[in-house]
Amino acid sequence: MENLIAANIRSRPTRTFISVLAVALGVVIMLVVGGIVSGTLNDYLGRTVAVGADYILQPAGSSVLYAFSDASLNVKLAGTLRQVPGIEAVTPVLSKFSPAHFGLVFGIDMESYNKFPGRLQMLSGRASLKGDEAIVDQILAEAKKLKPGMTLNILDHDFTITGICKSGAVVRVFLPLETLQKLLGTTDRVTVLFAKASPNANTETVFQNVRRQFPHYSLLRASDPNLLLAETRLPGLKEFRITVIVISMLLSFMVILLAMYTTIFERTREIGILKSLGASRNFIVGMILKESVMICGLGAVMGICISEIVRKIVIVMFPTLQVSMTFRDLLSGLVLGLIAGTLGALYPAYKAARMDPVRALSYE
Amino acid sequence: MTYRSGRLNVPALQNVNLTVNHGEFIAIMGPSGCGKSTLLHLLGGLLRPTHGKIFIDGIDISKLSDSERTAVRRDKIGYVFQRFNLLPTLTAKGNIELAKKIHGNGFLGSNGVDHILEILGLTGKIQFRPSELSGGEQQRVAIARAVVTRPSIVLADEPTGSLDSLNSGKVLEMLRELNDQLGQTIVMITHDSDAASTASRVIEMKDGQILRPSSRFALSHSLKDSAEKS
């Protein structure tokens with residue numbers, strides 16, 4: 001039967017190619033869209049951890065995705081937090097989403113910020129952040145071809161780039177805290193307080209101390225593994241990914257349904273011949289399903305290869321975007337592509353198996 | 001046995017009573033629409049009679065379900081069609097092997113297959129696709145496909161209907177040899193009295209009924225008389 005299936009696939013190269021391509025497209029949508037969302041988000045969360053803080057204090061109900069958080073934390077709380085036993089360093093940060101480069105900017109107090117392991121490590125220019133000065137990270141500088149001394153418009157305000165820092169910490173643009181506060185009209189407000197425990201302190205004890213001091217605030221351990229689980233932190237993300245997967249699977253499902261449905265009408269006489277030879281319904285269903293599985297398998301493999309190429313192109317063309325494709329994602333793409341195609345072939349297979357052999361044999 | 005079809009419930013076959021013995025080669029003759037093909041489809045289990053019974057090797061296939069009749073067809077029946085009905089995507093060998101696979105590898109080992117291929121003169125054509133074979137060669141492949149599983153009965157529906165006289169003669173000779181050498185039971189439908197004369201028994205049909213059985217000798221005699229009169 002394998003010979004028959006392979007022969008059928010080979011004998012209709014255009015139909016096979018279009019079907020394979022359509023399944024591949026579904027897999028590419030699934031992997032690339034999902035990969036960009038989770039890759040960029042995980043990269044962002046990874047960089048949040050890279051600040052090197054032990055604790056993240058925010059107003060209650062805030063998200064670690066600072067674009068969704070308000071500047072509603074009084075900057076004076078930084079002083080209160082510093083007094084908590086076991087706390088070595090605290091830095092207040094005001095975050096703001098900048099549509100100009102479609103990313104977050106941080107307003108920081110560089111002196112306190114640089115006490116954290118994720119301090120700004122300058123690659124070129126100077127480490128100065130006063131007035132209308134800005135520091136950008138290496139990836140943004142390369143993507144936008146920015147150099148120290150150039151002007152960067154953020155939030156309709158011109159900033160002069162003083163230096164390029166190593167990438168790694170949360171955002172790609174750093175502004176002076178006070179300047180950003182003035183721009184946003186939130187003079188004494190910040191979005192988040194990063195805190196670090198003393199080297200010899202027990203981090204759990206310090207966490208409890210901070211919790212007691214700030215019982216009504218959101219307090220996260222930066223070492224909390226859940227912090228990295230993007231889906232648990234961004235409402236609707238899981239639903240979005242499921243929607244993308246469902247659309248991709250529907251695409252594969254419909255293409256295979258149409259292709260195999262057309263195929264069985266083309267092959268009505270052949271099905272009649274098989275029935276006259278004594279082929280059972282299971283044999284015919286198996287033949288149609290195996291053919292669709294082969295097409296979907298080829299499509300899924302092609303989709304994975306194309307996705308990998310797209311991933312590399314995206315990384316080169318849009319360095320600030322991250323596309324995450326784990327082995328598990330690729331395996332999911334393969335399996336879901338196969339499932340969609342197999343489901344799409346079920347009805348045509350059923351129709352083929354139910355054909356009246358006498359009518360099928362006389363089909364012109 | 002009776003078979004009715006269509007909304008008007010017109011009987012396609014009526015009170016047909018036919019016994020085919022093991023090793024027999026029977027030809028069924030009759031004008032178009034007389035019910036020859038319907039009879040063949042009933043014998044092959046592709047249709048179920050409205051009334052009556054059909055026994056294949058002692059099994060009453062008229063009472064069997066679709067899947068059971070499929071199994072009988074697979075195990076006991078070989079079909080040869082007028083238009084060859086080979087699968088165009090497979091080679092001659094692929095077509096023959098497919099029948100074996102559907103059957104469950106058949107009773108014949110590769111030696112048996114080779115023997116059948118030799119009888120049918122197909123040894124050199126095994127890797128050709130149907131489109132690369134002549135009509136006569138295609139029909140010989142179809143015959144090989146029908147007999148490769150050593151069915152109890154081969155049902156041939158106008159096997160020479162699409163062939164010229166040369167190839168018709170060859171195909172009929174093949175069927176005759178299969179009957180003589182392998183003892184293959186064959187029921188053949190034909191319009192052609194020359195083709196029918198190859199069989200050991202000829203059945204004539206008209207309006208869905210068997211008119212009269214006649215021997216090969218009787219048919220030849222009758223044809224001779226007709227020729228002389230004309």
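Every chain is numbered from 1, with letters handed out A, B, ... down the list of sequences. Computed from a prediction, not measured in an experiment: that's the story for all the values here.
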For the student: nearest non-hydrogen atoms of [X] and [Y], plus distance:
X: B/Arg74; Y: A/Ser280; answer: NH1-CB, 3.9 Å
X: B/Tyr79; Y: A/Ser276; answer: CD1-O, 3.5 Å
X: B/Thr89; Y: A/Ser11; answer: CG2-OG, 3.2 Å

With a 4.5 Å limit on heavy-atom distance, are the side chains of [X] and [Y] in contact?
X: A/Pro357; Y: B/His41; value: no
X: A/Arg281; Y: B/Asp66; value: yes
X: A/Leu274; Y: B/Leu87; value: yes
X: B/Arg73; Y: A/Leu277; value: no
X: B/Arg145; Y: A/Ile273; value: yes

Select one option (side chain, backbone, both, neither) describing which atoms of B/Asn95 are under 4.5 Å from chain A's heavy atoms.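 It is neither, since no heavy atom gets under 4.5 Å.
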Check whether B/Leu86 gets within reach of chain A through its side chain, its backbone, both or neither, counting any heavy atom under 4.5 Å.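 Backbone only.
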So which of B/Leu46, B/Asn85, B/Thr70 has the biggest tally of heavy-atom pairs under 4.5 Å with chain A?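 Most heavy-atom pairs within the cutoff with chain A belong to B/Asn85.
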For A/Arg267, which atoms come within 4.5 Å of any heavy atom of chain B: side chain, backbone, both, or neither?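 Nothing of A/Arg267, per the 4.5 Å heavy-atom cut-off to chain B.
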Would you please name every residue forming a ring-ring contact (aromatic ring centres under 6.0 Å, His included) with A/Tyr347, sequence neighbours left out?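 Testing A/Tyr347 for ring-ring contact (aromatic ring centres under 6.0 Å, His included), a comparison that skips the adjacent residues, returns A/Tyr261.
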Answer yes or no: does atom CZ of B/Phe55 have more than 12 heavy-atom neighbours from other residues, nucleotides or ligands under 6.0 Å?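 Yes, because the 6.0 Å sphere around CZ of B/Phe55 holds more than 12 heavy atoms from other groups.
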